[in-house]
Asker: 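Structure below; questions to follow.
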Amino acid sequence: MSWRLHLTNQAIHQLQILPGKTQLLAAWTLRNRVFYFDLESGVPMGERTIDEVSVPDRKDARWQEFINSLVAPNKAVLPLVSTHFGNLHLSGDGRIRVYDCGKGELTLVAQEKETKLHAYPANRFIRVSLDRFLGLVGALDEQGKLHLYQQDQPVGAFDINLRLRADLPAQLAIPQGGGAIYVTDGQQIVVVSPEGQVRQRFLAHYSIGQMVCSPNGRLLLTCDYETNVLRVYNSSDLLGTRQRHAVDLLARATQVQLIADLPPVKAAVGALAMNNQGVVTFAMSGVICVTDLSEMDVLPKPQKLI
């Protein structure tokens, strides 16, 4: 499996691999505009503009209609939707929802009960992630503290010794089941337990621009901020297993359109996703590439000195 297509002349906001009988790739060209493709072949499977609800009361029936509509053609619930009021994170069944309005406060909805999750004393959260199976919420504040909530129950706010920089984006990823939380400040990857304890710290020799984990949490994928090299790690020990430059992966991928442009030479990887089977998708400018681990170079395993 390896294909590419030129979707737009603008940056793609986010990519999502949606599970189902037919796995789909969701590519967001605008915060409310999404295109669906068959993950295996790249065949278009429809497009949609999300009609947002404008009433402020989330108990209004129109809100429930809006939530019920956030489903892909393969019946998968969309994991993250950007709206005019902020980001909306949804569990796999849509019953747990986290509203991030960007004001240092999250609203969690579980069993139709709303709970406010505060970032005090910080002013705002800069990254939020939701375990789509059990409802563990992780939120990184602007001071670098990691706030954890088991649905509506606060676990705590933890100083995990991040060094946030304005020129490097912080990233946060939680796999399904919430077995670990992966955080990066662009210079290091920190693995944190659901109880807030640091399990492992990995200092990167490059600047991390993007980071995602597979839904089962076994694989971690990063992108070099400066060179666009994609690197895959075993999450258990953070040992690198494979890597390849994004441009090389694009060049090897089958073009599914008769006429299509390659991304600009200096374009950066702006969106990234992967699934449990090792399928990797990324976007450079408005070009999407879907590939897998077999297309990447295998890294030698570290050997003990005799």
Side-chain angles (χ1 to χ4, degrees), residues 16 19 58-59 63-64 67 70 76-83 85-162 164 170-185 189-201 211-220 235-236 238 273 275-276:
Q16 300 162 342
R58 283 193 286 266
K59 295 182 180 178
W63 265 100
Q64 192 58 52
I67 296 299
L70 301 180
V77 175
L78 298 174
L80 172 62
V81 178
S82 295
T83 72
F85 61 81
N87 290 332
L88 171 58
H89 302 257
L90 299 102
S91 63
D93 59 8
R95 296 181 181 180
I96 299 174
R97 304 183 293 278
V98 176
Y99 298 87
D100 176 13
C101 298
K103 300 178 181 178
E105 181 180 274
L106 306 176
T107 300
L108 181 139
V109 178
Q111 298 179 350
E112 301 310 316
K113 173 188 173 183
E114 289 195 1
T115 303
K116 301 292 185 182
L117 309 177
H118 297 277
Y120 180 84
N123 293 324
R124 65 188 182 97
F125 291 122
I126 59 174
R127 286 290 184 269
V128 176
S129 185
L130 171 68
D131 159 22
R132 302 192 69 214
F133 185 60
L134 296 179
L136 176 70
V137 179
L140 190 65
D141 71 28
E142 59 187 354
Q143 297 174 355
K145 284 190 175 181
L146 177 64
H147 300 247
L148 297 177
Y149 309 88
Q150 184 55 61
Q151 295 194 24
D152 60 350
Q153 298 300 313
V155 178
F158 305 94
D159 185 351
I160 57 175
N161 197 25
L162 296 181
L164 300 183
Q171 305 286 339
L172 175 65
I174 304 179
Q176 293 183 359
I181 300 94
Y182 303 97
V183 190
T184 181
D185 56 12
I189 298 173
V190 185
V191 184
V192 184
S193 73
E195 296 75 34
Q197 297 177 339
V198 174
R199 290 177 175 170
Q200 196 166 356
R201 190 181 304 272
M211 181 189 74
V212 297
C213 67
S214 60
N216 60 16
R218 295 178 182 175
L219 298 174
L220 201 64
S235 60
S236 58
L238 293 185
N275 67 8
N276 292 336

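Nothing fancy with the numbering, it's 1 onward along the sequence.
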Asker: Return the minimal non-hydrogen interatomic distance between Pro194 and Leu148, and the atom names on each side.
Answerer: O-CD1, 3.6 Å

Asker: Residues in side chain to side chain contact (heavy atoms under 4.5 Å, CB included) with Ser129, at least two apart?
Answerer: Leu172, Ile174

Asker: For His147 and Asp141, test the side chains for any donor-to-acceptor distance below 3.5 angstrom and give the result as yes or no.
Answerer: yes

Asker: Please name the pair of heavy atoms, one in Ser91 and one in Arg132, separated by the smallest distance, quoted to 0.1 Å.
Answerer: O-NH2, 3.2 Å

Asker: Please list, chain by chain and in numerical order, all residues satisfying side-chain hydrogen bond (donor to acceptor under 3.5 Å, both in side chains) with Ser214, sequence neighbours excluded.
Answerer: Asn216

Asker: Apply side-chain hydrogen bond (donor to acceptor under 3.5 Å, both in side chains) to Ser193 and list each qualifying residue two or more places apart in sequence or on a separate chain.
Answerer: Glu195

Asker: Between Leu130 and Leu80, does the side-chain contact (heavy atoms from CB on, under 4.5 Å) criterion hold? Intermediate values first, please.
Answerer: CA-CA 9 Å; Leu130 171 68; Leu80 172 62; over 6 Å; no

Asker: Work out which heavy atom in Gly179 is nearest to a heavy atom in Arg199; give both atom names and the distance.
Answerer: O-NH1, 2.9 Å

Asker: For Gln150, check side-chain hydrogen bond (donor to acceptor under 3.5 Å, both in side chains) against everything at least two apart and list the hits.
Answerer: none

Asker: Would you mind checking if Lys113 and Asp152 are paired as a salt bridge, meaning a charged N to carboxylate O distance below 4.0 Å?
Answerer: yes

Asker: Is any side-chain heavy atom of Val137 closer than 4.5 Å to a side-chain heavy atom of Leu106?
Answerer: yes

Asker: Is the shortest heavy-atom distance from the side chain of Phe158 to the side chain of Lys145 under 4.5 Å?
Answerer: no

Asker: Looking at side-chain heavy atoms only, is the closest gap between Ile67 and Arg97 below 4.5 Å?
Answerer: yes

Asker: Is the shortest side-chain heavy-atom distance between Val191 and Leu238 below 4.5 Å?
Answerer: yes

Asker: Do Leu136 and Ile181 make a side-chain contact, defined as non-hydrogen atoms from C-beta onward lying under 4.5 Å apart?
Answerer: yes

Asker: Please give me the minimum heavy-atom distance between Thr107 and Lys116, naming the atom from each residue.
Answerer: OG1-NZ, 3.2 Å

Asker: Heavy atoms only: give me the nearest Cys213-Leu220 pair and the separation to one decimal.
Answerer: CB-CD1, 3.7 Å

Asker: Under the side chain to side chain contact (heavy atoms under 4.5 Å, CB included) rule, collect the residues that match up with Ser82, sequence neighbours excluded.
Answerer: Gln14, Arg31, Asn87

Asker: Would you please test Val155 and Gln153 for side-chain contact (heavy atoms from CB on, under 4.5 Å) and show each step?
Answerer: CA-CA 6 Å; Val155 178; Gln153 298 300 313; over 6 Å; no

Asker: Are Gln171 and Val183 close enough, and set up right, to give a side-chain contact (heavy atoms from CB on, under 4.5 Å), and what steps lead you there?
Answerer: CA-CA 6 Å; Gln171 305 286 339; Val183 190; over 6 Å; no

Asker: Just by distance, do the side chain of Gln200 and the backbone of Ser235 share a donor-acceptor pair under 3.5 Å?
Answerer: no

Asker: Of all residues at least two apart in sequence or in a different chain, which pass the ring-ring contact (aromatic ring centres under 6.0 Å, His included) check with Tyr99?
Answerer: Trp63, Phe85

Asker: Which heavy atom of Val77 sits nearest a heavy atom of Gly92, and at what distance?
Answerer: CG2-O, 3.4 Å

Asker: Verify side-chain contact (heavy atoms from CB on, under 4.5 Å) between Val192 and Leu146, making sure each step is shown before the conclusion.
Answerer: CA-CA 9 Å; Val192 184; Leu146 177 64; 4.0 Å; yes

Asker: According to salt bridge (Lys or Arg N to Asp or Glu O under 4.0 Å), who are the partners of Asp185, at least two apart in sequence or on a separate chain?
Answerer: none

Asker: Report the residues that fulfil side-chain hydrogen bond (donor to acceptor under 3.5 Å, both in side chains) with Glu114, sequence neighbours left out, ordered by chain and then residue number.
Answerer: Arg58

Asker: Under the salt bridge (Lys or Arg N to Asp or Glu O under 4.0 Å) rule, collect the residues that match up with Arg127, sequence neighbours excluded.
Answerer: none

Asker: Excluding sequence neighbours, so at least two apart, what forms side chain to side chain contact (heavy atoms under 4.5 Å, CB included) with Gln111?
Answerer: none

Asker: Side-chain contact, heavy-atom cut-off 4.5 Å: Leu162 with Leu140?
Answerer: yes

Asker: When you measure from the side chain of Tyr149 to the backbone N and O of Gly135, does any donor-acceptor pair fall under 3.5 Å?
Answerer: no

Asker: Measure the shortest side-chain to side-chain distance between Met211 and Ile189 over non-hydrogen atoms and say whether it is less than 4.5 angstrom.
Answerer: yes

Asker: What's the separation between atom CG in Leu108 and atom CG in Asp100, rounded to the nearest 0.5 Å?
Answerer: 12.0 Å

Asker: Any heavy-atom pair between the side chains of Pro175 and Phe133 that's under 4.5 Å?
Answerer: no

Asker: Among residues at least two apart in sequence or on other chains, which ones pass side chain to side chain contact (heavy atoms under 4.5 Å, CB included) with Arg201?
Answerer: Asn161, Gln188, Val190, Val198

